[in-house]
Structure formats: C-alpha cells, structure tokens
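What follows is a single structure, written as structure tokens, with notes after it.
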Number of protein chains: 4
Amino acid sequence: MSSKALAERAEDAPPRRGRRKEARPGELLDAALDLFVEKGFAATRSEEVAARAGVSKGTLFLYFPSKEELFKAVVRENISGRFAEWNEEFESFEGSTAEMVRYCLNVWWERIGATRASGITKLIISEARNFPDIAAFYHQEVIQPGMQLVRRILLRGVDRGEFRAVDIEYTIFSVIAPMIFLIMNKHALGACIPQDYPMDPQRYVNAQVEILLHGLCVPEKKA
Amino acid sequence: MSSKALAERAEDAPPRRGRRKEARPGELLDAALDLFVEKGFAATRSEEVAARAGVSKGTLFLYFPSKEELFKAVVRENISGRFAEWNEEFESFEGSTAEMVRYCLNVWWERIGATRASGITKLIISEARNFPDIAAFYHQEVIQPGMQLVRRILLRGVDRGEFRAVDIEYTIFSVIAPMIFLIMNKHALGACIPQDYPMDPQRYVNAQVEILLHGLCVPEKKA
Amino acid sequence: MSSKALAERAEDAPPRRGRRKEARPGELLDAALDLFVEKGFAATRSEEVAARAGVSKGTLFLYFPSKEELFKAVVRENISGRFAEWNEEFESFEGSTAEMVRYCLNVWWERIGATRASGITKLIISEARNFPDIAAFYHQEVIQPGMQLVRRILLRGVDRGEFRAVDIEYTIFSVIAPMIFLIMNKHALGACIPQDYPMDPQRYVNAQVEILLHGLCVPEKKA
Amino acid sequence: MSSKALAERAEDAPPRRGRRKEARPGELLDAALDLFVEKGFAATRSEEVAARAGVSKGTLFLYFPSKEELFKAVVRENISGRFAEWNEEFESFEGSTAEMVRYCLNVWWERIGATRASGITKLIISEARNFPDIAAFYHQEVIQPGMQLVRRILLRGVDRGEFRAVDIEYTIFSVIAPMIFLIMNKHALGACIPQDYPMDPQRYVNAQVEILLHGLCVPEKKA
DNA sequence: GATGAATGAGAGTTCATTCAT
DNA sequence: GATGAATGAACTCTCATTCAT
C-alpha cells in the first residue's frame, strides 16, 4: 500500500529517474517505434528495444506476448484517431479554402510530421507487405479518413469557385505526396546522409503549399 | 531446324542443374531485387532468393560472397547511370519548358517508374539506415544528378520567362515528390491493399504534371 | 533433513536448465580442452562442446563469442603461470643438481604431465600453424620461461662441477624432449592404440632422468 | 609397359612444365601432405590441395574417391617400408654400437627427418584419434619396426659390454624422443614462430647423440 | 513483477562431392 | 580424362522466447 502511494506520488511529481510500472508499456512502445523506424522490424532485436526502454528482455515479453504483437501495438498506439477533431475544425472553419489548406498542412506538420508519430508512416511503407493486416488497419484508420478530409477540402474549394475544376481524386495525391516525401526524407536518406542542400521543414511545407495553391486556385481577376 | 526447336524448348523449361555461369548472376539479382523490395533485406532468406532464381542455396554464394554483397550488387545493378543520356536530351530539347516537364516525367515513368528498377527506390528508403554507404552511393549516383537535372529544367523555365520566379531549390521537391509517392504506392501499401479508388499511373502522372505546371507557369496573357 | 537429501541428490544429477553463471565458463573450457585435444580444433563441433558441458549450443555462445575465442580461452586458461613459483623453488633448493633434475621432472609430471593441462601441449603442436598468435603467446608464456628454468639448472650443474661442460643450449632439449614425447604418447597414439608394451609414466620419467643424468654427470672419482 | 618406359624417361628428363598424367597422383599426394601437415586434415580444403597440385577440384576426386582416402593414401605413400633395408645394414654393421647409434640417427635425419616425410609424424600425432585405423597402421608399419630396430641396437650394445645394463624398453624412448621433438619443432611451433635461439638440426642431432651415448656407455677404463 | 540464463529453431555460410560438358 | 558449376548436408552463430529464481 505504501508502495502504491509512492507510485502515485511519483506520477504527480514527474518521474525522477524512478521506474514507474504504469509507464513501462509506453516506454517500450517509444523505444520500439524508434528502432523499428530506424532499422526495420526484422533487423531490430527485442533485447535492444528492452535496453532502450531501460528494462530487461524478460520484461518486454511480460507486456507484449511477441515481437510481432509489439509491432502491432506500436502501430496502433501511434495512429492518431484525431480525424474526428480535425473534421470538426473543418466544419467550423470560416476562412478561404486556400487558407484552410495552408492551415491544414501546417497543423499536420506540427502535430504529426514533426513528432515521432511520423515514423509510423515510414514503418508502414517499409513493412506493409510483411504485415498486410497492419497495412489494412492503417489504410482504414489513417489513409481513408485522411484522404476523405482532403477530398472535402478540395470539394469545398471547387464548390465555392476558389479552385479550378480539377480531377479531385488525383489532386488529393498532390496534397499528400509532399508530406510523404518530407517524412521519407526525415526518416530515411535524410537521417543518414549529410544533406548538401538546406532543408527547413517549415519552409518546405510553405513552398509546397504555395505551388499547390497556385496550381489549384482560379486566377483572381482584378478589374 | 530441329536444333532450333530444341533450343527454344530449352528456353521454355530451363535445364535443372544446368551450367549457366553467365546467366546466373543476373537471375539471382532479379530474384533478390524482387524479394528485398517485397520483404526487406533482413526478412529475406538467402535460400529463398536462390530458390526463386531456380538454383540451390550454395549456388548463390558461388556468385556473391555474402547476403550483404548481394544487396549491394542489387543496388548497383539497378541504378541506372542514364543521366548523361537524359542531360543530352535536355540540351537538344526545343519545345517549351512545360512540354519538357511533361515529357520528362512521362519518360521517367516509362523507363523507371513502370519497371522493376523502381523497386530500388523503395528498397533504399527502407534500408538506408542499415546501409549508410549504400545510401550515400545512391545519393551521389541518383539523387544528386536527378535533382540537378530538375534544377536545370526549372531554371530554363524561369530564365525564359515561362515559369514564375519560384524558390527553385524547394520546387525541385514538387517535381520529385509525386514520383516517390507513386513508387511507394506501387511497392508498399498499393501492393498489398486492394485499392478502393482507381489509380492509373499514366493518368496519375499527367494529373500531377498539370497541377504542377499550373502552379509554375506565368499566366498567359492573351491579347 | 529431507531438504538436505534433496540438495544432495540435486548435486548428483545437476539440474537441467539450471542457472549457474559462475560455473559455466569453466565447464565449457574443460569440455573444449578435452575435445580440442582429442579431435583438433576444426574437427570439433561447437555443439559437441556444449553437450559435453551439459548445456545447449546457444549457451556456449553466451560465454564465448566464437569458437575461435573459445579456443584462445582454453589455451589461456590452461597455461599455468607457475614459473615464478618454480623459480623460487629453484633458488632455495639445497641438494645436488642431479637431485634437482630428478625433483624437477617428477614435479612436472605430477603437476602438468599427469593433468589435463598436458593436453594443451598437444593442442598447441597440432594447431600452432592455424593460430600463430596463440603459438607466439604459448612460446612466450611457457616455452621461453621453461627453457630458461632448465637452462639455469644446467648452468648450476656445470658451474658447481657436477655436470660435464656440455653445450647447454642443445642439452636443454634433452630435458624437454622426453616430456614432450610422454605427452604426445598420452594424447595421440597412446590414447587410441592398445599399447603392446608397458608404459608406466612414473617409471618412464625416472628412466629418462637416469639416462640423462648418466649423460650429464661427471664420473665420480672414488679414491 | 610402354607407359612404364615413358615414366622412366620422364624421370630421366626432368618434367618440362608439361602435365604428365602419371605424375598427377604423386603431385596431389605431395600437395596434400604439405597442407595436412600445415593445417590439419579438417582445416585443409580439397580444392586447395588440387590447386597446389595444379589441377582442378574434380581431378582430385578422379584419383581419390574421398578426402579421407586421400589422407590414407598420403600416409601410406610416405611411410617408408625401409626397415628391411635398415635391418640389413644393422646385420652387416661392423663398428662399435656407439658408432652405430651415431650413424643410425644421422641417417635417419638425412633420409626422414630432413625430408617432407617427417611431416607424416606430425600428421599422425595430430590426427591419430580421428583416424584410429590409420594410427594402428602407422604403429604397425613404422613404430613397431622402428622400436624393434632400436631395441636390437641397444641389446647389441649391452650384449657386447659397450652399454650399461639399462632398462632397454624405456631406453628406446631416449633414442626416439629427441627425433620426435625435432620433427615437432620443424613442423609446429618452429614453423611459425621466429626462433630466438639457434637450432641447427645437424648439430642438434649430434648433441642428443652424445648426451645419450654418455648416458649409455660404460666408462672406458684406461690403463 | 522483474530478471537474465538458458534454449533451440532457424539463418548465413562452407565445402566435400557430383556430373554435364 | 579434365573441368568447374552446382548441390546440399553440415556447421557456426543469432535471437525470439521461456522460466527458475
């Protein structure tokens, strides 16, 4: 009991180097995400995950019955079910659709792209064919809702006469592709090759948005 | 004539335990490329590569001293040093820069994107951090020359007043990103998830080009 | 009482899958010495060493990173650095040099020749050319100090007028050769051929010593 | 018959770089002896033997059905059946037994010790326990006749009053041990360690003989 | 609960041996 | 006869997983 009290206190006061039982699975998932993204599923050793999380090999298997289940948990954990929230923002957004696109991609960068969660995208791309059910899950939970959100935005632009009457289904990819590219650069080549050109993510996102909007918007006819 | 017929039949069903020293490395590299792209380096078993090439485990090691060398050979073999040729085409191209962009991406799709060589891109993205020297090699042999070619095209457009004065360095990515996206779709999720939307690569490429050119071109002032 | 009985029984039949981190390396080194001496390094299978030590293949590699390192550890472990002790005995020895020679070879037989450590000599002879660095190590740690000790003994004998003025450097071999021969007999042919002549090591050593001393000593001139 | 004539002619006129079919097995046996002595049976690759003999892997197996049979042939080939000849020399020897011992060991050095045949001894010692039947064969063909010859020499010395009445059986080893030691030095440590002391075989043999004879001979009573 | 010693199936690699050429 | 490409059994070593402590 007194130990439980201690544990609770430990939670109140941020972890002072103490091991908090409740935090273990999360720490393992964080460690696993990093390593899976870095080396791939097969090339990551379970023991390394445990070591990075500061626990022993055995403890890992106490929380996850197998390396494969760990992988699935990593994906599940890092798939933000934030589309409900984002759809709400969409509904109540009052500015122009161009502003909406700008806002949307910047928010995406802040909340996903710049965080460890972005690693999931690289992980899925690398491992999709070894874990088709995980790929299907990701497709359903992330890709479809994401595309649907983009679709609604593009439709809004076209409906309101802000955007040209482009082929919406293919234009969705014009929004998504630069983001995928940024993540791949962050987690693959960019992570191991000293870049010979500057690559500031914020500026990159803005540049892509501007090109995209130039391509989408109807020319403003000024008297 | 009958000997010719025999030869043809032999081609249909290649001889088991035949001695085909010249053909083996290529067959093994083909098999290895497929499997590495499909499952990743670590998850691909040497014996599986051999089996797909129609030889035994031992034969693989007759031609490649280790699985890692096989990997490197796969990358080397499939990295086209075609930039010289493409640069020449660039020099002698006489149409508008917009036409050049259209031509360029369509040619890329035909010669790289649609072929097995495109798998290399996925492979590199997945394995870069496990093989930094291979990543560096790819960067030097493919990414840098590729970016340089795109850079020259964009500069031509801007210089000739066809394109707006965009930030060239970041705009390069607007050309590349959709192609990377297409390859990832082909070799990762798209290869294992039944797509619920149509994805015709030719139309995809054209759609991306049109959005891009809309974003790049200065509005044509008529009369 | 019953618990004590149980413990004793457990000692008789050591626990399978027991955790005995301290004891393992020694048991593995013992097993490896036996097998390397018996079959040679290359012909000894790692799994066999493990099995003789009562553990599984994997456990061997838990303690030694490779078969080669196991070999080196076997040699290191069994090379007694007892020359300091023996040199002290030499310094304080008070009898005749002939007695010293007798004492010396008998002690050698008791402490080295008759023990498993003697196998190292056969091992080194068999594997020297495959492990030149190990051979050099053995030369430095065993052969040189050993020859130096014998050299000092012979010099003492000559200096004190007990031994004839023989060529010391070559006479050293007259002391060593019979010991090497005995070990080779013990671990090579003698170990697999039913000897057709009696070979009692103790008597063998004594016989060699007597021949040797007869060869070395100056004839006692009796009035 | 004509092939026999050819062989003889080939012997007369030294091989002019031409491949002589008849010589193949011999070249293979020579190569095999060298390599088996150097690296041991298990660590020697068949292909290496073939390469050193200047033929292909396949050819080796044309002459010897297996690596093991090659080993046996190497031993057989290099075991001199010269004891008949030596026994004759013994019978007709007219000098003192001491001279006989000197002569005997010097001849041994010239005809065996200094030649590649001496490698067989090291080979047998290293591999005896892996090839007990070969060991038995060697014991019967070499060790027993060799010991018998030494035995007869020692008996002659004792019978004629030249040698002391030593324990003949154990004294045999005093003759053999230095020779074994010399061979071991030549083929094991001595072959891979830069000796820090001089080791002239001829002088070594003489030194051992003199010590031995001093130990054996009855003091010459002068006057 | 946590640990890490122990396991053993499985992967990469070697090499004696075969056999089509 | 000679060759060397091909084979596959056997070996070293790895690592996910178990379980006694």
Side-chain angles (χ1 to χ4, degrees), chain A residues 3 19 21 24 41-51 54-70, chain B residues 15-25 42-50 53-70, chain C residues 15-25 42-51 53-70, chain D residues 19 21 24 41-51 54-70:
Chain A
S3 75
R19 294 271 123 236
K21 283 180 191 178
R24 290 273 164 75
F41 174 77
T44 297
R45 286 164 39 222
S46 298
E47 189 162 15
E48 209 176 349
V49 175
V55 299
S56 76
K57 217 172 9 178
T59 303
L60 171 61
F61 288 92
L62 219 56
Y63 291 102
F64 304 95
S66 72
K67 191 183 169 190
E68 202 159 324
E69 285 305 317
L70 172 64
Chain B
R16 193 88 332 198
R17 204 188 168 89
R19 8 175 72 208
R20 307 181 36 256
K21 196 184 184 182
E22 269 73 48
R24 291 287 185 238
T44 297
R45 292 181 5 226
S46 297
E47 191 161 14
E48 209 174 351
V49 175
V55 299
S56 76
K57 205 173 17 168
T59 302
L60 170 62
F61 289 93
L62 222 54
Y63 294 97
F64 303 95
S66 70
K67 191 184 168 189
E68 199 158 327
E69 284 306 316
L70 172 64
Chain C
R16 194 86 334 200
R17 203 187 169 89
R19 8 176 73 210
R20 306 182 36 257
K21 196 183 184 183
E22 269 74 47
R24 291 290 185 235
T44 298
R45 290 177 11 222
S46 298
E47 191 161 14
E48 210 176 349
V49 174
V55 299
S56 75
K57 205 175 15 170
T59 302
L60 171 61
F61 290 94
L62 221 54
Y63 292 97
F64 302 95
S66 72
K67 192 184 166 188
E68 200 159 324
E69 285 305 317
L70 172 63
Chain D
R19 292 272 125 238
K21 283 182 190 176
R24 290 274 164 74
F41 174 78
T44 297
R45 286 165 40 222
S46 298
E47 189 161 15
E48 209 176 350
V49 174
V55 298
S56 76
K57 217 171 8 178
T59 303
L60 171 62
F61 288 91
L62 220 57
Y63 290 102
F64 304 95
S66 73
K67 191 183 169 189
E68 203 159 324
E69 285 305 317
L70 172 64

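Protein chains get the first letters and strands the later ones, always in sequence-line order, with residue 1 at the start of each.
- The shortest heavy-atom contact between Phe61(C) and Ser66(C) is CE2-CA, 4.0 Å.
- In the set dA6(F), dC15(E), dT17(F), the nucleotide with an atom closest to the side chain of Ser66(A) is dT17(F).
- Shown here for Pro65(D) and Glu69(D), the closest heavy-atom pair between the two residues is CG-CG, 3.6 Å.
- Here dT7(E) is the nucleotide among dA16(E), dG1(E), dT7(E) with the atom lying nearest to any side-chain atom of Ser56(C).
- The side chain of Ser46(C) sits closest to dT12(F) out of dC15(E), dA6(E), dT12(F).
- Tyr63(C) comes within contact range of the sugar-phosphate backbone alone, with a heavy-atom separation under 4.0 Å but no base atom that close.
- Atom CD of Glu69(A) is separated from atom P of dT17(F) by 10 Å (rounded to the nearest Å).
- In this structure, Leu60(B) atom CG and dT14(E) atom C1' are separated by 13 Å, rounded to whole Å.
- In this structure, of dA2(E), dT13(E), dT7(F), it is dT13(E) that holds the atom nearest to the side chain of Phe61(B).
- Along DNA chain E, the nucleotide nearest Lys21(C) and the nucleotide nearest Leu62(B) are compared for position; the residue whose nucleotide lies closer to the 5' end is Lys21(C).
- As a whole-Å value, the separation of Phe41(A) CZ from dC15(F) C1' is 12 Å.
- Nucleotide dT3(E) is matched to dA20(F) when pairs are restricted to Watson-Crick or G-U wobble geometry with both distances under 3.5 angstrom.
- Atom CZ of residue Phe41(D) and atom CD of residue Glu68(D) lie 5.5 Å apart, to the nearest 0.5 angstrom.
- If you take CD of Glu47(B) and P of dT13(E), they are 13 Å apart, rounded to a whole angstrom.
- Distance CG (Leu70(B)) to C1' (dA11(E)): 15 Å, rounded to an integer number of Å.
- Not one side-chain nitrogen or oxygen of Thr59(C) sits closer than 4.0 Å to the OP1 or OP2 atom of dA6(E).
- Scanning both residues, Leu60(A) and Ala50(A), for their nearest heavy atoms gives CB-CB, 4.4 Å.
- Nearest to the side-chain atoms of Lys67(A) among the listed nucleotides dT17(F), dA6(F), dG1(F) stands dT17(F).
- The side chain of Val55(B) sits closest to dT7(F) out of dA6(E), dT7(F), dA2(F).
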side-chain contact (heavy atoms from CB on, under 4.5 Å) for Thr59(D) and Ser56(D)? Distances and angles first, verdict last. CA-CA 5 Å; Thr59(D) 303; Ser56(D) 76; 3.3 Å; yes
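- With hydrogens and angles ignored, a donor-acceptor pair closer than 3.5 Å exists between the side chain of Lys57(B) and the base of dT13(E).
- Residue Arg45(A) contributes atom CZ, which lies 15 Å from atom C1' of dA11(E) at whole-angstrom precision.
- Regarding Arg20(B), its CZ atom lies at a distance of 12 Å from the P atom of dT21(E), rounded to whole Å.
- dA16(F) atom P lies 10 Å from atom CD of Glu48(A), rounded to whole Å.
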